[in-house]
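Excluded from the calculations below are hydrogen atoms, water molecules and symmetry mates; all remaining heavy atoms, backbone and side chain alike, are included. Remember, it's a predicted structure, so these values are computed and weren't measured experimentally. Letters go in sequence order (proteins before strands), and every chain restarts at 1.
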Protein chains: 4
Amino acid sequence: MTTTARQQATTERTQSRRSQVLAAAKTCFLRSGFHAASMAEISKAAGMSPGHIYNCFGSKDAIIAAFVEQHVERVAALMRDFASKDDILQAIVDNVADGVRDHLNPANWPLQLEIAAEASRNPAIAAVVRDADLRARVQFRTLLVAGRERHQLAVDSDTMEGLVEALICLFQGVRLRAVQHPGLNQDSFIACCREMVRHLLFK
Amino acid sequence: MTTTARQQATTERTQSRRSQVLAAAKTCFLRSGFHAASMAEISKAAGMSPGHIYNCFGSKDAIIAAFVEQHVERVAALMRDFASKDDILQAIVDNVADGVRDHLNPANWPLQLEIAAEASRNPAIAAVVRDADLRARVQFRTLLVAGRERHQLAVDSDTMEGLVEALICLFQGVRLRAVQHPGLNQDSFIACCREMVRHLLFK
Amino acid sequence: MTTTARQQATTERTQSRRSQVLAAAKTCFLRSGFHAASMAEISKAAGMSPGHIYNCFGSKDAIIAAFVEQHVERVAALMRDFASKDDILQAIVDNVADGVRDHLNPANWPLQLEIAAEASRNPAIAAVVRDADLRARVQFRTLLVAGRERHQLAVDSDTMEGLVEALICLFQGVRLRAVQHPGLNQDSFIACCREMVRHLLFK
Amino acid sequence: MTTTARQQATTERTQSRRSQVLAAAKTCFLRSGFHAASMAEISKAAGMSPGHIYNCFGSKDAIIAAFVEQHVERVAALMRDFASKDDILQAIVDNVADGVRDHLNPANWPLQLEIAAEASRNPAIAAVVRDADLRARVQFRTLLVAGRERHQLAVDSDTMEGLVEALICLFQGVRLRAVQHPGLNQDSFIACCREMVRHLLFK
DNA sequence: CATGAATGAGGATTCATTCAT
DNA sequence: GATGAATGAATCCTCATTCAT
């Protein structure tokens with residue numbers, strides 16, 4: 001094995017170890033939150049010694065940051081899905097139901113609240129979150145511009161920024177609803193969300 | 001001093017002590033979050049010994065719960081303000097700008113995220129939050145029904161639930177925008193929110 | 001009211017307060033032990049403010065000491081009961097059954113163990129306990145000498161000391177049996193104790 | 001080093017750490033009692049950080065329990081010593097002097113009082129103590145039955161239970177004498193104890 | 001690379017005691 | 001005398017992190 005090949009292998013191994021840790025961290029963070037989840041808990045879930053985690057990540061904060069980075073990437077992926085559609089605006093409207101239902105699913109989104117709360121006092125996390133948000137906004141805006149041009153609607157800068165913010169805002173609010181009113185009537189809620197989105201997109 | 005008068009004084013004193021603690025807690029929670037804020041930190045901010053805090057509150061969790069209770073009460077107060085208006089629907093639309101700007105103000109709302117995150121794991125906090133949400137929904141619904149009847153719009157149960165949820169959702173989403181995109185263009189954002197609210201209310 | 005009369009009243013009042021505290025302390029010590037019983041617990045049981053207890057006793061240790069003093073006095077009282085009997089030795093033998101049963105009663109004797117344990121490390125308590133033990137030994141020895149002279153048995157110094165120690169030892173051991181084997185067969189146990197005492201007294 | 005070998009080493013190490021803690025705890029418990037001995041004090045005496053003690057024992061109570069378990073085991077060991085003798089009853093009588101002297105030695109027995117006092121309030125400790133007492137009684141009874149059959153004495157159930165209890169009672173009482181009258185005349189005390197034991201065993 | 005024993009600072013909480021009223 | 005609010009040192013315990021193996 002050449003030195004390069006070994007380094008390659010080493011790097012791959014390290015990467016796989018990092019993934020292991022992040023997957024374990026997700027379980028623990030979901031169960032206990034960022035601060036109540038202990039390194040011991042995470043190391044046990046990862047099937048790895050606590051000491052070794054420090055070969056993959058410099059600190060618990062680094063795990064949180066990496067975890068957040070990985071997690072916020074989901075939003076960007078969602079954006080890309082729309083890009084391939086023919087009538088993008090209509091595709092977005094048609095996707096409201098699934099999107100809302102997904103945001104209401106308690107399997108993932110409590111973590112998003114944890115992330116937002118952490119970002120509101122941890123500058124490193126805030127930077128990661130804001131950067132991801134920026135990228136998502138850019139992608140979303142590009143989609144919307146394409147969609148609206150097809151329907152000959154205004155795409156000036158102010159209009160677009162408001163549109164992007166308002167739509168993201170509506171979707172992100174769903175996570176808070178999931179916490180504060182878990183038993184809400186999904187169908188009538190979705191109908192209204194869809195109507196708001198439709199109106200805004202085609203206005 | 002009679003026994004009754006002393007009890008009165010005692011009760012008042014205790015209440016004032018509790019308020020002192022809650023005010024100090026707000027500062028600390030804002031700075032560090034619920035869990036990173038230590039009792040020592042809170043007691044110092046309250047100008048009171050750590051031991052004495054336990055004469056006012058049975059535990060740190062009790063402080064968090066009382067703090068949350070106090071905080072969520074604000075939302076209910078907001079609801080009551082609308083009740084006195086003549087054309088309620090229009091009043092709500094006209095209030096969107098102020099409401100959004102208030103939600104974007106970083107002085108208060110990071111705490112709401114902290115509360116939501118805590119509620120997603122701590123059942124006691126979840127109960128407080130959900131109860132407050134329930135009360136707010138009932139008040140809001142009553143307002144909307146009155147407002148819509150004036151305009152001869154449908155007020156059937158399903159419609160109303162969706163309306164209430166969707167509007168609250170939009171407003172609560174603003175808190176997440178405040179964290180994730182603090183520099184957003186408020187004017188165009190507000191214009192879109194206002195348009196969404198207007199459309200939904202009068203639809 | 002003359003000054004003297006008032007002082008008299010004051011002293012009586014103080015004494016009654018002290019008794020109140022000691023009675024309350026007994027309840028608490030029995031429930032929780034000397035160290036786990038808090039001053040707050042005792043003051044509540046005594047129907048008196050925690051601060052006021054310090055007008056009656058200088059410290060918690062002083063309460064323990066006074067309590068111990070009061071408690072060890074019981075043994076001396078037991079001794080005095082025998083002095084009036086005609087045939088003292090026989091009276092002692094006849095009392096074994098009641099004495100053992102009393103020592104097995106969990107209502108009082110856990111406190112004796114608490115006292116002994118405290119004495120083994122708190123010099124002030126040790127002094128109280130040892131002084132009481134000395135007084136009881138002297139009384140007991142006087143009784144035994146009178147009883148044995150009646151039966152023309154040896155009463156030399158060495159014999160008497162051994163007798164006194166061995167008999168007290170047997171009775172005090174009962175308290176430990178009560179803790180370590182609460183369900184023991186009382187009748188056969190008592191028969192053996194009685195036989196040991198009878199043999200030793202009349203030997 | 002194979003996994004098995006390492007586990008072996010790990011287990012041994014852990015065991016040795018536990019012993020270290022128990023030895024340190026003995027010093028501290030002797031000096032201060034179970035409750036006044038702080039974990040900091042114990043950890044310092046054990047030459048180990050306070051945090052690490054919790055890798056060996058789950059709580060302070062667990063240390064107390066393990067300590068008690070280790071201590072009460074001594075009694076059972078004492079029992080086994082007699083089993084090898086030819087004339088067991090005589091061996092017991094001949095051992096009274098050494099046994100009493102051992103029980104009077106202040107190096108060990110204050111702890112037994114501490115244990116008894118703790119057992120009278122702490123159910124977990126009570127269970128340990130009572131279980132050990134049961135085992136000791138069974139062993140002692142077996143010894144006595146064998147010894148008495150050799151001398152053709154009664155071994156019926158009631159007689160044996162009384163004998164076992166009374167003899168243990170006498171020995172355990174010595175611990176209380178050690179606390180309450182540390183300067184007692186050992187020789188005459190022992191002579192009487194011996195006479196009581198002899199009478200009872202051969203009666 | 002991998003372990004897990006070891007650290008020690010820091011957490012929430014308790015409680016004997018004091019003192020202004 | 002009598003109160004009970006207030007103190008703050010001390011308690012048990014947790015946990016991120018390190019390091020010898």
Side-chain angles (χ1 to χ4, degrees), chain A residues 6 9-10 13-14 17 35-44 47-63, chain B residues 1 3 6-7 9-10 13-14 16-17 35-44 47-63, chain C residues 6 9-10 13-14 17 35-44 47-63, chain D residues 1 3 6-7 9-10 13-14 16-17 35-43 46-63:
Chain A
R6 188 187 299 151
T10 296
R13 179 122 193 194
T14 300
R17 286 300 202 179
H35 291 97
S38 73
M39 289 298 275
E41 193 183 343
I42 295 172
S43 77
K44 189 175 294 181
M48 175 184 315
S49 74
H52 190 45
I53 289 192
Y54 286 82
N55 289 339
C56 312
F57 294 94
S59 69
K60 189 181 175 183
D61 269 14
I63 297 178
Chain B
M1 198 186 257
T3 298
R6 188 187 299 154
Q7 278 182 349
T10 295
R13 180 110 191 206
T14 299
S16 116
R17 284 305 204 177
H35 292 98
S38 74
M39 289 299 276
E41 194 182 343
I42 295 172
S43 77
K44 191 173 293 182
M48 180 183 311
S49 72
H52 190 45
I53 289 192
Y54 287 83
N55 290 343
C56 311
F57 294 94
S59 67
K60 188 180 175 182
D61 267 16
I63 297 177
Chain C
R6 189 187 299 150
T10 297
R13 178 122 194 194
T14 300
R17 286 298 202 180
H35 291 96
S38 73
M39 290 297 275
E41 193 183 344
I42 295 172
S43 78
K44 189 175 294 180
M48 177 182 314
S49 74
H52 190 45
I53 288 192
Y54 286 82
N55 290 338
C56 311
F57 294 94
S59 69
K60 188 181 176 182
D61 269 13
I63 297 177
Chain D
M1 197 187 258
T3 299
R6 188 188 298 155
Q7 278 183 347
T10 295
R13 181 112 192 202
T14 300
S16 116
R17 283 306 204 176
H35 292 98
S38 74
M39 291 300 277
E41 193 183 342
I42 295 173
S43 77
M48 181 183 308
S49 72
H52 189 44
I53 290 193
Y54 288 84
N55 291 342
C56 309
F57 293 94
S59 68
K60 188 181 176 184
D61 267 15
I63 296 178

To the nearest 0.5 Å, what is the distance between CD1 on D:Ile63 and CD1 on D:Ile53?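 These two atoms lie 5.0 Å from each other.
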Nearest 0.5 angstrom please: A:Tyr54 OH to A:Cys56 SG, how far?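 Going from the OH atom of A:Tyr54 to the SG atom of A:Cys56 covers 11.5 Å.
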Selected nucleotide, minimal atom distance to [X] side chain, candidates [options]:
X: C:Ser38; options: F:dG1, F:dA5, E:dA16; value: E:dA16
X: A:Met48; options: E:dA16, E:dT3, E:dT13; value: E:dT3
X: D:Pro50; options: F:dC13, E:dT17, E:dT3; value: F:dC13
X: D:Asn55; options: E:dA6, E:dA2, E:dT13; value: E:dA6
X: A:Lys60; options: E:dT13, F:dA5, F:dT17; value: F:dT17

Starting at atom [atom1] of [X], determine the distance to atom [atom2] of [N], rounded to an integer number of angstrom.
X: C:Lys44; N: F:dA5; atom1: NZ; atom2: P; result: 12 Å
X: A:Ile53; N: E:dC1; atom1: CD1; atom2: P; result: 14 Å
X: A:Phe57; N: E:dC1; atom1: CZ; atom2: P; result: 13 Å
X: D:Asp61; N: F:dC12; atom1: CG; atom2: P; result: 11 Å
X: B:Tyr54; N: E:dT13; atom1: OH; atom2: C1'; result: 5 Å
X: B:Met39; N: E:dA12; atom1: CE; atom2: P; result: 7 Å

Heavy atoms under 4.0 Å, any strand shown: does A:Ser59 hit a base, just sugar-phosphate, or nothing?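 If one applies the 4.0 Å heavy-atom cut-off, A:Ser59 turns out to touch the sugar-phosphate alone, with no base involved.
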Mind checking A:Ala37 for me? I need base, sugar-phosphate or nothing, with any heavy atom below 4.0 Å counting as a touch.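 Here A:Ala37 touches the backbone only, sparing every base.
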Nucleotide-level pairing of DNA chain F, given in dot-bracket where Watson-Crick and G-U pairs need both distances under 3.5 Å and | marks other strands: .||||||||||||||||||||
Considering all heavy atoms, the nearest [X]-[Y] contact:
X: A:Lys60; Y: A:His35; answer: NZ-O, 3.4 Å
X: A:Arg17; Y: A:Met48; answer: NH1-CE, 3.6 Å
X: D:Ser49; Y: D:Ser43; answer: C-CB, 3.9 Å

When the nearest nucleotide of DNA chain E is assigned to B:His35 and to C:Ala40 on a heavy-atom basis, which residue is associated with the more 5' position?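 Final value for this comparison: B:His35.
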Where each residue is assigned the nucleotide of DNA chain E containing its nearest heavy atom, which of B:His52 and D:His52 is assigned the position nearer the 5′ end?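 By nearest-heavy-atom nucleotide position, the 5'-most residue is D:His52.
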Is the phosphate of E:dG8 approached by D:Ser49 (side-chain N or O, under 4.0 Å from OP1 or OP2)?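 Negative; the distance criterion is not met.
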For DNA chain F, whose closest nucleotide is more 5', that of C:Gly47 or that of A:Gly58?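 Its nucleotide being nearer the 5' end, the pick is C:Gly47.
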